[in-house]
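Taking it in order: structure first as structure tokens, then the write-up.
Everything numeric in this text was worked out from a predicted model, so none of it was measured.
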Amino acid sequence: MAAAGSGEVYPTLWGFSPALDLQMQCLQTTIQHLTTCDDVPELNILLVGCGDGRHLLKTICQARRWPQRRLNFFIIESDLELLARQMLFLTLALENPEQMGLQEKCDIFLEIFGNSLIRSKTTAYVQDKCEQFIKCVTDPEYQQSVLPLLDLSCIKFKERDELEYIFKFWRTPEPKLFPIERYWEVKNRQFLGKRYDSRRGAYDWDLNMKLHDRGAAMISAMEYNRWRETGVAFMIREGIYDVPNKTLASHMTVTHRCGKVRARGYWGDITTSPYIAYGIETEENSLLKTANGVYTKTAQDVSQYNLTSMFHELVTGQKYTLPTAEKNDGEEGKACNFPSNGSVGQTTIREEDEQTNGNTDHERCDEAPNYIKINNVIIHFLPLSWVTDLHRRSKFLSLFNIIYFSCSMVHHLTADYRLITASKATLIVELTK
């Protein structure tokens, strides 16, 4: 959405549609017209305004469900903070299972993804990763040795400097630099106006008339009201959520008495919620059971399962299913094998690692990162200004097989994009509803 009168776009911290496996959404005619490199078909995907990287992660995690293809992602966002968050989500997903178990990885991901306040342990993890990210954006050789699947060569030096500034801000331990609780309350008061004193009723109206009626009935009133009031969407661990999540900070040009200034604050969503991305659709039917017309599970439960399933499939190439004790239908839990296509270099995981590594100490700044190796995947971060200039660059002409536009960036979709689409390309557009 554009900021009123400013022409700026509010940061899309989480999407307004569920995560997609883009290979599943790709038209069959598009697959038939793919070009090959070294006898491997190449699928070139442009993501404009995805925001949270949900389509990127799901497509990579489920890549071995499909015939072997080389996946080239090109990502453009409205804010550099969104690219920084995607770097964090990507490295978290690629954490070696010997260093971080599935449950811990899922819990930390959901906290960073959708909580205004996080645990001190999660904060320590983010600060630790910021040290690596600063080296990555300032030292291309180090970045290629640590994250070879990430290509930052197109990012301008000015944007690299801004990314370094963002990571240094995340790394700063002082919580008063980003008083998210105050920002959240002020934003809530401005949005609700005279309705603020009766905000519980406003929350209930928004949930039932705007979310449940549009297919998000999985979101429960308790978790939605908690998020609307405090900004904390996921409380999986019984811990203390008291540290501001600085990854939600962004800048916006605002009018001040001395003129227009760039102000840091929370400029994201306060009505739709982060449950949409991973919490309203799932392949596990046992999570979709209802009793008296109400879902027995919540969006948090579905989000936790979906992310656990994605991370498990990324490592093993096998579809994750709930253990027998959690499936009320009495069926035995099992893993569904998919044919290996060489997408992931590490293909073994031990269940005892998932249970015993939950208390991993993240204070390992001196150790070299050991991420899961992924083959046939390259992720290109593109400059923000290129959203209107791609057709002027010869290397992008007739290149993209899949183009995705979010509802916040769809105003950039013009006839010029026909010049950069390959034959029989697939266009996916997120609708405002």
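Annotation for Cys50 and Arg54: closest pair O-NH1, 3.0 Å, computed over non-hydrogen atoms. Here the shortest heavy-atom pairing between Ile166 and Ala84 reads CG2-CB, 4.1 Å. Contact between Leu20 and Gln25 at its shortest, heavy atoms only, is CD2-NE2, 3.9 Å. The minimum heavy-atom distance linking Leu147 with Tyr371 is given by the pair CD2-CD1, 3.8 Å. Summarising the geometry of Ile31 relative to Cys26, their closest heavy-atom pair is CD1-SG, 3.7 Å, with the distance given to 0.1 Å. Across all their heavy atoms, Glu159 and Leu384 have their closest contact at OE2-N, 3.3 Å.
Between the side chain of Gln99 and the backbone N or O of Asn96 there is no donor-acceptor pair closer than 3.5 Å. In this structure, the side chain of His380 does not engage the main chain of Asn72 through any donor-acceptor pair within 3.5 Å. Judged by distance alone, the side chain of Asn245 and the main-chain N or O of Asn115 form a donor-acceptor pair under 3.5 Å.
A donor-acceptor contact under 3.5 angstrom links the side chains of Glu430 and Ser17, judged on distance only. For the residue pair Tyr125 / Glu95, a side-chain donor-acceptor distance below 3.5 Å is found, with atom types taken as modelled. Side-chain atoms of Thr298 and Asp301 include a donor-acceptor pair closer than 3.5 Å. Using modelled atom types, one finds a donor on one side chain and an acceptor on the other under 3.5 Å when comparing Trp66 with Asp21.
A salt bridge links Glu164 with Lys168: the closest approach of a Lys/Arg side-chain nitrogen to an acidic carboxylate oxygen falls below 4.0 angstrom. A salt bridge links Glu283 with Arg65; the closest basic N to acidic carboxylate O contact falls under 4.0 Å.
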Under 3.5 Å donor-acceptor pairs involving side-chain atoms of residues 173-184, not counting sequence neighbours:
from	atom 1	to	atom 2	distance (Å)
Glu174	OE2	Lys176	N	3.2
Trp184	NE1	Arg228	O	3.0

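Applying the side-chain hydrogen bond (donor to acceptor under 3.5 Å, both in side chains) criterion to Ser385, with sequence neighbours excluded, gives Lys156. Under the rule for a salt bridge (charged side-chain N to carboxylate O under 4.0 Å, His left out), Arg85 has no partner lying at least two apart in sequence or in another chain. Here Phe89 pairs with Phe109, Phe113 under the ring-ring contact (aromatic ring centres under 6.0 Å, His included) rule; sequence neighbours left out. Residues passing the salt bridge (charged side-chain N to carboxylate O under 4.0 Å, His left out) test with Lys187: none are found, sequence neighbours excluded. Scored by the ring-ring contact (aromatic ring centres under 6.0 Å, His included) test, Tyr224 finds no partners at all (sequence neighbours excluded). Residues passing the side-chain contact (heavy atoms from CB on, under 4.5 Å) test with Cys106, sequence neighbours excluded: Leu110, Gln304, Leu307, Thr308. Partners of Phe381 by ring-ring contact (aromatic ring centres under 6.0 Å, His included), not counting sequence neighbours: none found. Every residue two or more places apart in sequence or in another chain that forms a ring-ring contact (aromatic ring centres under 6.0 Å, His included) with Phe405 is listed here: Tyr417.
Among residues at least two apart or in separate chains, side-chain hydrogen bond (donor to acceptor under 3.5 Å, both in side chains) pairs with a member in residues 268-280 are Trp14-Asp269, Asp269-Thr271. Sorted by first and then second residue, the salt bridge (Lys or Arg N to Asp or Glu O under 4.0 Å) pairs involving residues 138-152 (not counting sequence neighbours) form an empty list. Sorted by first and then second residue, the salt bridge (Lys or Arg N to Asp or Glu O under 4.0 Å) pairs involving residues 191-205 (not counting sequence neighbours) are Arg199-Glu229.
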Query - Derivation of the salt bridge (charged side-chain N to carboxylate O under 4.0 Å, His left out) call for Glu131 and Lys135 - result: CA-CA 7 Å; Glu131 297 287 348; Lys135 292 181 181 179; over 6 Å; no
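Using bins of under 30°, 30° to 60° and over 60° for the plane-to-plane angle, the ring pair Tyr165/His251 lands in the tilted bin.
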